[in-house]
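Notes follow the structure.
Labels below follow one simple rule: chain letters A, B, ... track the order of the sequence lines, proteins then strands, and each chain is numbered from 1. The figures here come from the full heavy-atom set of this structure, side chains too, leaving out hydrogens, waters and symmetry mates. Computed from a predicted model, the values in this text were never measured in an experiment.
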Amino acid sequence: MLRDAVLVAGKDLRIEVRSRVGLNQIGPFAIAVLLLFGLALGPDRRVLAPASAGLFWVAVLLSTILTVQRSYAIESADAARDGLRLSGLDPAGIFLGKASAVAAQLLVLEAALTIGVALLYGARLSGALVLVGACVAGTLGLAAVGTLYGVVASGLRVRETLLPLLFLPVVAPVLLAATKAWDEALAGTPGRAGGWLDVLVVFAVLYVAIGIVAFGPLLEDG
Amino acid sequence: MPPAVRLHEAVALAGRFPLLAGACLEVGEGEVVHLRGPNGAGKTSLLKVLAGLLAVHSGEATVLGWDLMADQRAVRREVGMLGHQSFLYEDLTVEENLRFALRATRSAVTGIRPALEQFGFGGRLASIPVRRCSAGQQRRASLAVLVARGARLWLLDEPHAGLDQDGRDLLDELLAGSRAAGRTVVFASHELERATAIADRTVHLAGGRVVEPPGHADKLERAGTSEPVRKAPAHVA
């Protein structure tokens, strides 16, 4: 399973590096979201800075949808999805590989967005361990849910509109917990973020486990 | 020796629509079988069933000893398929696609270079992304994957489509040498002259079933046989 996961993740990341869709489209999209929030709330940093955590995670959520859609778009061109099924790869390995590749891209994006909230909103980056921990655990959860629902949506003609409908309600706990953890870290009280980090870890473990079990049947049904 | 493929009254559905409606077929090890039939006859569906890509709803289906009713995925590593689409990743090079396919199927990667050269991808051509290849080159790349994988059963859907003359001849050579190479081939083709020249026999499909060839009843009648003409589904072995 892990061998297959490494193989699939390597393939997905190689394709993303070569196609530069993440760099040229998803990255600029996420920055544009931050800018638009800034425009909507006004230039006053006393308003923007306290909202930094929430705005950051909303931008991450929206970007996750694009990243997951891209992850399955590469499988739908030239029926590569059938090629993947024909390869006999372990479905759990495919799930872990695709989720890992999505997570890796999101973590790079989050690094850029972190700089963005500091520069645009005046957020003071403190509690680095909590910030990084929330990003890692939250991103794993988002990638697992996105990859799971992505395979459901990818087999349907209405995939572009269906994925956000399936994905966003399910990841509401990630938005809430990650925002709260970041709020505590940015407010200089990272010690109070432990419970929220626990929520993120439990969510990630739960959805990785569900994905390992459910991905195979969903891939076949798509 | 058990047959490489055995379907008995196999039914495959798309929703409630029957793609295969009780197909019966036996293909021996090393045999090259040509599937013939009008558009919508079920040729592609039959190939997908044999590849384990399309579930069998009822009936019996055994491929290379694997019972597809019990587990349709198990056979996939031993099957190579060439479909209407290339199954390749556009942003990977031809060589990277081969490497991924071989590693995924746990095949030896030593087969990459010979397969690339056999299909005209020697030198720099192997290092360009598939999306920059012509349709014919993409077809050749898919064939290179098929050959390098060394699958025991080849399932080919209109394999000559998109290939130039050299490519077609090369493909025919490969198919003609299948028995010696120990592989079984089932292929669908509308190129009747080429197909009948390389196939051991032709199987006719219509309405998702294996049927007697058109005109068969007339031939029997002219020959004065009293043998009743079998209605589909017919067993073709």
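- When every heavy atom of Leu53(B) is checked against every heavy atom of Asp82(A), the shortest pair comes out as CD2-O, 4.0 Å.
- Taking CZ of Arg131(B) as the start and OG of Ser19(A) as the end, the distance is 8.0 Å to the nearest 0.5 Å.
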(request) Could you please spell out the steps behind the side-chain contact (heavy atoms from CB on, under 4.5 Å) verdict for Arg73(B) and Arg85(A)? (result) CA-CA 8 Å; Arg73(B) 294 204 308 242; Arg85(A) 291 171 66 203; over 6 Å; no
(request) Begin from the C-alpha positions of Arg3(A) and Arg106(B) and carry the test side-chain contact (heavy atoms from CB on, under 4.5 Å) through to its verdict. (result) CA-CA 11 Å; Arg3(A) 177 196 170 281; Arg106(B) 288 151 172 80; 3.4 Å; yes
For a quick test of your reading: what N or O donor-acceptor pairs under 3.5 Å do the side chains of residues 87-97 of chain A make, sequence neighbours left out?
unit_1	atom_1	unit_2	atom_2	d
Ser87(A)	OG	Leu84(A)	O	2.5
Ser87(A)	OG	Leu89(A)	N	3.3
Asp90(A)	OD1	Ala92(A)	N	3.0

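- Residues Arg77(B) and Asp4(A) come closest through the heavy atom pair NH2-OD2, 4.4 Å.
- Within residues 56-69 of chain B, no residue has a heavy atom under 4.5 Å from a heavy atom of chain A.
- Within a 6.0 Å sphere centred on CG of Leu129(A), heavy atoms belonging to other residues, nucleotides or ligands number 12 at most.
- Applying the salt bridge (charged side-chain N to carboxylate O under 4.0 Å, His left out) criterion to Arg194(B), with sequence neighbours excluded, gives Asp169(B), Asp172(B).
- Of residues 91-105 of chain B, those residues lying under 4.5 Å from chain A by any heavy-atom pair are Asp91(B), Leu92(B), Thr93(B), Glu96(B), Phe100(B), Arg103(B), Ala104(B), Thr105(B).
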